[in-house]
2 protein chains.
Amino acid sequence: MICKSNKPRNADATKEAILEAARIAFSEKGIDGVGVREIAEAAGCNAALVNRYFGGKEQLFAAALVGAFDMSQLLELPKDQFAEAMAAYMVSKRTEHKTFDPMFLALRSIFNPSAMELVRQEIQTHVTDVYASWLDGENRQLRAAMIGSLFAGFYLSRFVMCSESMGFEHDETLAPLLAKTLQIYVEG
Amino acid sequence: MICKSNKPRNADATKEAILEAARIAFSEKGIDGVGVREIAEAAGCNAALVNRYFGGKEQLFAAALVGAFDMSQLLELPKDQFAEAMAAYMVSKRTEHKTFDPMFLALRSIFNPSAMELVRQEIQTHVTDVYASWLDGENRQLRAAMIGSLFAGFYLSRFVMCSESMGFEHDETLAPLLAKTLQIYVEG
DNA sequence: TTGAAATGTCAACATTCGTTTACTTGAGTT
DNA sequence: AACTCAAGTAAACGAATGTTGACATTTCAA
């Protein structure tokens with residue numbers, strides 16, 4: 001053998017590399033669109049290590065999902081600034097397809113039965129409940145869910161309808177439209 | 001052989017049976033979640049016939065998609081009744097998982113690259129453009145896309161967040177909320 | 001240095017998939 | 001009734017999947 005692997009062995013580092021590669025790959029192709037060999041190659045290791053460190057593909061997805069939805073900083077704003085700030089945030093997020101995006105991590109695997117349950121729990125505990133308790137008035141759960149619904153639908157539509165003729169790039173028109181919608185759900 | 005197939009041979013009928021089985025199966029499991037053998041079995045024929053009659057799985061999906069989005073009757077309403085009518089329509093549609101639903105036919109396969117292009121074209125020509133030309137005022141394409149976005153997000157959220165604690169079943173609360181949102185996009 | 005545990009590699013397993021080929025069975029025509 | 005072509009079936013192919021076990025290599029403590 002001429003070529004030996006000269007990089008030092010480090011379980012924690014490779015485990016983290018697998019996790020990072022998984023987050024990106026799952027975001028781009030979904031849990032059913034990417035194979036463990038592909039993830040392992042992106043992480044620079046062997047596919048068998050995925051099972052050794054995470055127990056399987058599904059549990060790797062679960063690990064990639066934890067902490068993906070941390071929207072706490074958005075909720076530190078005063079309520080009368082929230083709608084506008086979130087609209088600006090939604091508009092600003094471009095789907096470059098190359099950077100990790102927690103929204104797509106969830107969206108692209110949402111129809112895999114195992115993944116859906118994981119996503120559902122993660123969204124329920126870290127998004128909907130947080131929003132609901134932050135809101136005032138009645139029907140907080142429903143209004144929080146509608147905020148998430150608007151978020152998901154907007155992401156999905158802009159991703160699918162990427163055509164320039166749709167008008168999704170006219171931020172100065174889009175942002176107020178979104179803000180007005182969000183305001184409805186915030187006010188109740 | 002004791003048991004012979006006694007049903008008459010009919011190419012058009014089996015072709016239609018395959019198409020109908022495909023529409024249901026694709027709606028329930030997505031293009032990547034169902035196999036041609038499964039579809040053929042539901043249609044009561046052999047998997048090879050799928051390729052004989054449609055040329056392949058992807059073209060079968062394309063055939064299942066044509067005409068799925070016919071929203072023309074919703075647009076016959078006067079504009080001041082549209083938001084309320086569509087909100088009522090969205091609320092009334094329960095995702096029973098057993099009946100064919102064009103929205104899920106598109107949604108569940110949206111992240112398959114081949115299917116996404118087909119869905120995008122179908123939505124663009126049969127939904128967005130129709131809505132856009134129906135609307136008045138400025139930014140019609142964008143506002144039409146936002147109506148579709150709201151529609152998709154709502155379907156998706158209600159499907160994923162099927163928990164009873166979310167409030168998606170309180171039609172008397174949900175419908176006015178949706179109508180108020182739709183009105184924003186109709187008015188512009 | 002020696003031994004053992006940790007880390008990584010390799011090859012194979014058993015499925016499943018879409019698709020194709022060769023074949024059999026049926027219906028309609030002359 | 002015999003012939004013919006369409007309709008349907010069965011089996012196999014090649015590729016890709018997640019997963020596993022045996023094996024090799026490195027690391028580190030005794």
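The chains referred to below are lettered A, B, ... by the order of the sequence lines, with proteins before strands, and numbering in each begins at 1. It should be emphasised that the depicted structure is a prediction, and the values quoted were computed from it without experimental measurement. Excluded from the calculations below are hydrogen atoms, water molecules and symmetry mates; all remaining heavy atoms, backbone and side chain alike, are included.
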Remember a base hit wins even if backbone is also touched, and classify B/A48 as base, sugar-phosphate or nothing at under 4.0 Å, heavy atoms.
-> base

Taking the six-membered ring for Trp and the single ring otherwise, decide whether the centroids of B/F154 and B/F168 are under 6.0 Å apart.
-> yes

Does the separation of the ring centres of A/Y155 and A/F159 fall below 6.0 angstrom?
-> no

Could you say whether B/G35 or A/L49 is positioned toward the 5' end of DNA chain C, judged by the nucleotide with the nearest heavy atom to each?
-> A/L49

To the nearest Å, give me how far apart [atom1] ([X]) and [atom2] ([N]) are.
X	N	atom1	atom2	answer
A/D32	C/dG18	CG	P	13 Å
A/E41	C/dG8	CD	P	17 Å
A/L60	D/dG18	CG	P	11 Å
A/N46	C/dA12	CG	P	14 Å
B/R52	C/dT25	CZ	P	16 Å
B/R9	C/dA27	CZ	P	7 Å
A/Q59	D/dG18	CD	P	14 Å
B/I39	C/dT19	CD1	P	11 Å

Closest-nucleotide ordering on DNA chain D, the 5'-leading residue of B/N10 and A/I31 | B/N10

Are any of B/T14's side-chain N or O atoms less than 4.0 Å away from OP1 or OP2 of D/dG8?
-> yes

Indicate whether OP1 or OP2 belonging to D/dT19 is found under 4.0 Å from a side-chain N or O atom of A/N51.
-> yes

Is the number of heavy atoms from other residues, nucleotides or ligands under 6.0 Å of A/Q81 CD greater than 12?
-> yes

Are B/K29 and B/E38 within salt-bridge range, i.e. N to O under 4.0 Å?
-> yes

